[in-house]
Visitor: 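Have a look at the structure that comes next, please.
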Amino acid sequence: MAIARALVFEPDLVLMDEPLGALDRRLREELQYEIRRIHADLGVTVLYVTHDQNEAMVMSDRVAVFRAGRIEQAASPEALYEEPARSFVARFIGENNRLPGRVAAIRDDICDVEVAGRVVRAFRVTDCRPGDRVTLSIRPERVALAPEPGQYTNEFEARVEDITFLGDHIRLRVGLCGRSDFIIKIPNMVGHGAVIEGDRVRVGWIPTDCRVLDHDGEDTG
């Protein structure tokens, strides 16, 4: 009813400050799409404030990520997820793995970064030089499980610490590059049960899926 009262006067701008925060998850998700439909039908500009990252991704054409009252990055939901410009944005939008390290070498836009005694090749986003501390960011779904040897530039052995079934995908927590909280997401497909806790597996990813961002003081290692 509050949304209807706000729209009846055909405003040019509507401000919504966490309008769905008190609702249960299912109803909140239904109303997210209903508000999207109303927005598309009326064409009114909506400024939507939320602390729910998934809600921001669903609702918005453009998202501004704030930190301490300042904008860290403003872009489309896809760009924020796929191309975060700073460690805070990568950490705030969606789940990702963060690996603290130090730049060993730079060739064009690809960096060799030393992480817990290993070298990871990654795509340079932040302005950095050899010797600089940085944070690597890679999304869990971009990590391949048990690739063919030599298939990826970055290939490492990992130990499976925990397996969680989440319906459409399986979430693996593995020990890798000095971290015990490295996450891999694999689709729920036939054969996923071949991996069990305690297994040692090979994982890999391409450099352009792993981004060199500014050093994040909240990550240790």
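Throughout, numbering of the chain's residues begins at 1 and tracks the sequence.
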Visitor: Mark yes when over 12 heavy atoms from residues, nucleotides or ligands other than Arg129 sit less than 6.0 Å from its CZ; otherwise mark no.
Guide: no
Visitor: Assess whether side chain to side chain contact (heavy atoms under 4.5 Å, CB included) is satisfied between Glu30 and Glu34, documenting all intermediate values.
Guide: CA-CA 6 Å; Glu30 290 176 356; Glu34 181 63 15; over 6 Å; no
Visitor: Grab the two heavy atoms, one from Ser180 and one from Glu161, that are nearest each other, plus how far apart they are.
Guide: O-CG, 4.4 Å
Visitor: Please report the interatomic distance CD1(Ile170) to OG1(Thr164), rounded to the nearest 0.5 Å.
Guide: 9.0 Å
Visitor: What's the spacing between Ile38 CD1 and Tyr33 OH if we round to 0.5 Å?
Guide: 15.0 Å
Visitor: Would you call Lys185 and Glu95 a side-chain contact if the rule is heavy atoms closer than 4.5 Å?
Guide: yes
Visitor: I need the Glu197 CD to Arg173 CZ distance, nearest 0.5 Å.
Guide: 8.5 Å
Visitor: Quick one: do Ile93 and Phe66 end up in the same hydrophobic cluster if we chain Ile, Leu, Val, Met, Phe, Trp and Tyr together by side-chain heavy atoms under 4.5 Å apart?
Guide: no
Visitor: Measure the CZ-CD distance between Phe92 and Glu72 for me, rounded to the nearest 0.5 Å.
Guide: 10.5 Å
Visitor: For Arg139, look at atom CZ and say whether over 12 heavy atoms of other residues, nucleotides or ligands are found less than 6.0 Å away.
Guide: yes
Visitor: Treating Ile, Leu, Val, Met, Phe, Trp and Tyr as nodes and any side-chain heavy-atom pair under 4.5 angstrom as an edge, say whether Ile186 and Leu176 lie in one connected cluster.
Guide: yes
Visitor: Compare every heavy atom of Asp214 with every heavy atom of Ala85, then report the nearest pair and how far apart it is.
Guide: O-OD1, 4.4 Å
Visitor: Could you report the tightest heavy-atom contact between Phe123 and Ile110, atom names first, then the distance?
Guide: CA-CD1, 4.2 Å
Visitor: A quick test of your reading: do over 12 heavy atoms of other residues, nucleotides or ligands sit less than 6.0 Å from CG of Asp168?
Guide: yes
Visitor: In terms of side-chain geometry, is the basic nitrogen of Glu157 or Arg118 positioned less than 4.0 Å from the acidic oxygen of its partner?
Guide: no
Visitor: Just by distance, do the side chain of Asp209 and the backbone of Ile206 share a donor-acceptor pair under 3.5 Å?
Guide: no
Visitor: Tabulate below the donor-acceptor pairs under 3.5 Å that side-chain atoms of residues 18-26 make, not counting sequence neighbours, or state none.
Guide:
from  : atom 1 : to    : atom 2 : distance (Å)
Glu18 : OE2    : His51 : ND1    : 2.4
Asp24 : OD1    : Arg26 : N      : 3.2
Asp24 : OD1    : Leu27 : N      : 3.0
Arg25 : NE     : Glu29 : OE2    : 3.2

Visitor: Checking Asp132 side chain against Val103 main chain: does a donor-acceptor pair fall under 3.5 Å?
Guide: no
Visitor: Give, for atom CZ of Arg211 and atom SG of Cys111, the distance between the pair rounded to the nearest 0.5 Å.
Guide: 11.5 Å
Visitor: Between Cys210 and Val120, is there a side-chain heavy-atom distance shorter than 4.5 Å?
Guide: yes
Visitor: Among Ile163, Val143, Val201, which residue meets the side-chain contact (heavy atoms from CB on, under 4.5 Å) test with Leu172?
Guide: Ile163
Visitor: Looking at every heavy atom in both Arg98 and Arg179, which two are closest together, and how far apart are they?
Guide: O-NH1, 3.1 Å
Visitor: Is there a side chain to side chain contact (heavy atoms under 4.5 Å, CB included) between Asn188 and Phe165? Walk through the geometry before answering.
Guide: CA-CA 8 Å; Asn188 179 11; Phe165 177 80; 3.5 Å; yes
Visitor: Could you go through Glu55 and Gln32, starting from their C-alpha distance and side-chain angles, then the distance that decides it, and tell me whether this counts as side chain to side chain contact (heavy atoms under 4.5 Å, CB included)?
Guide: CA-CA 7 Å; Glu55 187 170 84; Gln32 286 172 8; 3.1 Å; yes
Visitor: Is there a side chain to side chain contact (heavy atoms under 4.5 Å, CB included) between Met59 and Thr50? Walk through the geometry before answering.
Guide: CA-CA 10 Å; Met59 300 292 293; Thr50 180; over 6 Å; no
Visitor: Would you kindly say whether Asn96 and Ser137 are connected by a side-chain donor-acceptor distance under 3.5 Å?
Guide: yes
Visitor: Under a 4.5 Å side-chain heavy-atom rule over Ile, Leu, Val, Met, Phe, Trp and Tyr, are Val89 and Val63 clustered together?
Guide: yes
Visitor: Does CZ in Arg107 sit with more than 12 non-hydrogen atoms of other residues, nucleotides or ligands closer than 6.0 Å?
Guide: yes
Visitor: Report yes or no: does Asn154 contribute a side-chain atom to a donor-acceptor pair with the main-chain N or O of Arg121 at less than 3.5 Å?
Guide: yes
Visitor: Among Val174, Val160, Ile138, which one satisfies side-chain contact (heavy atoms from CB on, under 4.5 Å) with Ile184?
Guide: Val174
Visitor: Does any non-hydrogen side-chain atom of Leu213 lie less than 4.5 Å from one of Phe88?
Guide: no
Visitor: Treating Ile, Leu, Val, Met, Phe, Trp and Tyr as nodes and any side-chain heavy-atom pair under 4.5 angstrom as an edge, say whether Tyr152 and Ile183 lie in one connected cluster.
Guide: no
Visitor: Ala104: what forms a side-chain contact (heavy atoms from CB on, under 4.5 Å) with it, not counting sequence neighbours?
Guide: Asp112, Glu114
Visitor: Taking all heavy atoms of Val44 and all of His39, pick out the closest pair and write down the distance.
Guide: O-CD2, 2.8 Å
Visitor: When rounded to the nearest 0.5 angstrom, what distance separates CH2 in Trp205 from OG1 in Thr153?
Guide: 11.0 Å
Visitor: Check whether Arg124 reaches the backbone of Asp108 with its side chain - one donor and one acceptor, N or O, closer than 3.5 Å.
Guide: yes
Visitor: Identify whether Val119 and Val212 are in the same connected component of the hydrophobic contact network (ILVMFWY, side-chain heavy atoms under 4.5 Å).
Guide: no
Visitor: Specify the closest pair of heavy atoms between Ala116 and Cys177, including all atoms of both residues, with the distance to one decimal.
Guide: CB-O, 3.4 Å
